[in-house]
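All figures in this text were calculated on a predicted structure; none of them were measured in a lab. Position 1 is the first residue of the sequence; numbering continues from there. Only heavy atoms go into these numbers, but all of them, side chains included; no hydrogens, no water, no symmetry mates.
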Amino acid sequence: MSALLPILLRRIEQSGPMPLSEYMALCLGHPEHGYYTSRDPLGAAGDFTTAPEISQMFGELLGLWLAQAWMDQGAPRGVYAELGPGRGTLSADALRAASRVPGLAEALGRPQLVDISPVLRARQAEALAGRDPEWRDRVEDLPDGPLFLLANEFFDALPIRQYQKRGGRWRERVVTAKDGKLALALGPLAKADDLPAHAPEGALREHSPACEAVAAQIGARLAAHGGAALIVDYGYPAQPLSGGDTFQAMRGHAYTDPYEAPGEADLTAHVDFAAIAKAAEAAGAKAWPLMTQGALLETLGITARAQALAARGDAEAVAAAHRRLCHPEEMGTLFKALALTGPDAPPPPGFG
């Protein structure tokens, strides 16, 4: 039995079934037994591997993207930030590449890392030794100024709510208890203001107020102070009318039942990029047309970088990493890239 399970069962017994969003937030962020607060989940010994851990090429190219966006906006004094930095690998690679641009490191100052995990904060401190990073619990805690931000596989871990159409009415899916175990059930009728009335019977829609809130915070910052944000994650350009259940759990690099061992598996859902873009633009930012990860990395020069690295080392490993990051059958198409800027900023690199 996971340490979190009796806590969840007690919560349900006392207060009734909980929305999926509350379940997801507790499983990932519980102060003692949350998945992200209690372990390093990355790498071969963990449960999943992200793009920065596959190859330095990913972080280097995102760093050069950020540097070019910074120069295109007049090289202002501002803030570098990463949301959900994992082990710090992305920021380490990105800042190593970006800092080759004269004046950038001084202008953007101490890296700002938004993360709640004490375990991962320690790994980030190691990866960014010498850069004196600062940690923030929330996006709204970031310092004021032009914001140059990276977020890789951050939004997919933010809590979602699910709604299913039954008998012509929308109901929210909730987590309840049955025979000492967790189970899904349909809860009360849901407010249908943002749910399509013409969706077919059985349709399942997902909504992440948390994703939209973070996107709005980023958008408001960009609108007020300038800068650029690059969001890379897996998901869809816009949620299909009939939706679908994308809530999933990963443990030991394999899919598992998301209700079986709460707090012991990574919980994620596909990102609705249209919803994020809409929230950011409503806050005053500009959202540029969505690209696939593979197309963006190729535009930024990953093939040339791969050739240079292959000439100096393990060409087979470099080729495998290039394929995994860019090929449509790997991460190249499923993963998307969304760029956000202030309303009057020039096109960010690769998006013009």
Exercise: do W135 and Q112 side chains pair donor with acceptor under 3.5 Å: no
No-hydrogen, no-angle side-chain donor-acceptor test under 3.5 Å, T89 and E53: yes
ILVMFWY network linking L28 to Y23, side-chain heavy atoms under 4.5 angstrom: yes
Non-hydrogen side-chain atoms of L267 and Y35 separated by less than 4.5 Å: no
Min side-chain heavy-atom separation R324-T49 under 4.5 Å: yes
Side-chain heavy atoms of K336 within contact of V232, under 4.5 Å: no
Separation between CG of L113 and CG of L128, rounded to the nearest 0.5 Å: 6.0 Å
Residue pair Q307 / H322, side-chain donor-acceptor N/O under 3.5 Å: no
Test: R110 and E134 ion pair at under 4.0 Å: yes
Check: Y236/T246 side-chain N/O donor and acceptor closer than 3.5 Å: no
Salt bridge present between E172 and R161 (N-O < 4.0 angstrom): yes
Side chain Q124, main chain G86, donor-acceptor under 3.5 Å: yes
Heavy-atom donor-acceptor pair, S2 side chain to P262 backbone, under 3.5 Å: yes
Heavy-atom donor-acceptor pair, T37 side chain to G34 backbone, under 3.5 Å: yes
Side chain proximity check, F247 to L20, heavy atoms < 4.5 angstrom: yes
Close side-chain approach of L340 and I231, heavy atoms under 4.5 Å: yes
Shared hydrophobic cluster for L230 and F58 (ILVMFWY, side-chain gaps under 4.5 Å): yes
Any side-chain heavy-atom pair of E206 and D272 under 4.5 Å: no
Side-chain heavy-atom pair T176, L182 within 4.5 angstrom cut-off: no
Flag for R221-H225: side-chain donor and acceptor within less than 3.5 Å: no
Members sharing Y163's hydrophobic cluster (side chains within less than 4.5 Å): W170, L195
Ring pair (Phe, Tyr, Trp, His ring centres under 6.0 Å) partners of residues 265-314, not counting sequence neighbours, each pair once: Y234-H270
Donor-acceptor side-chain pairing of D266 and Y36 below 3.5 angstrom: yes
Non-hydrogen side-chain atoms of L222 and L149 separated by less than 4.5 Å: no
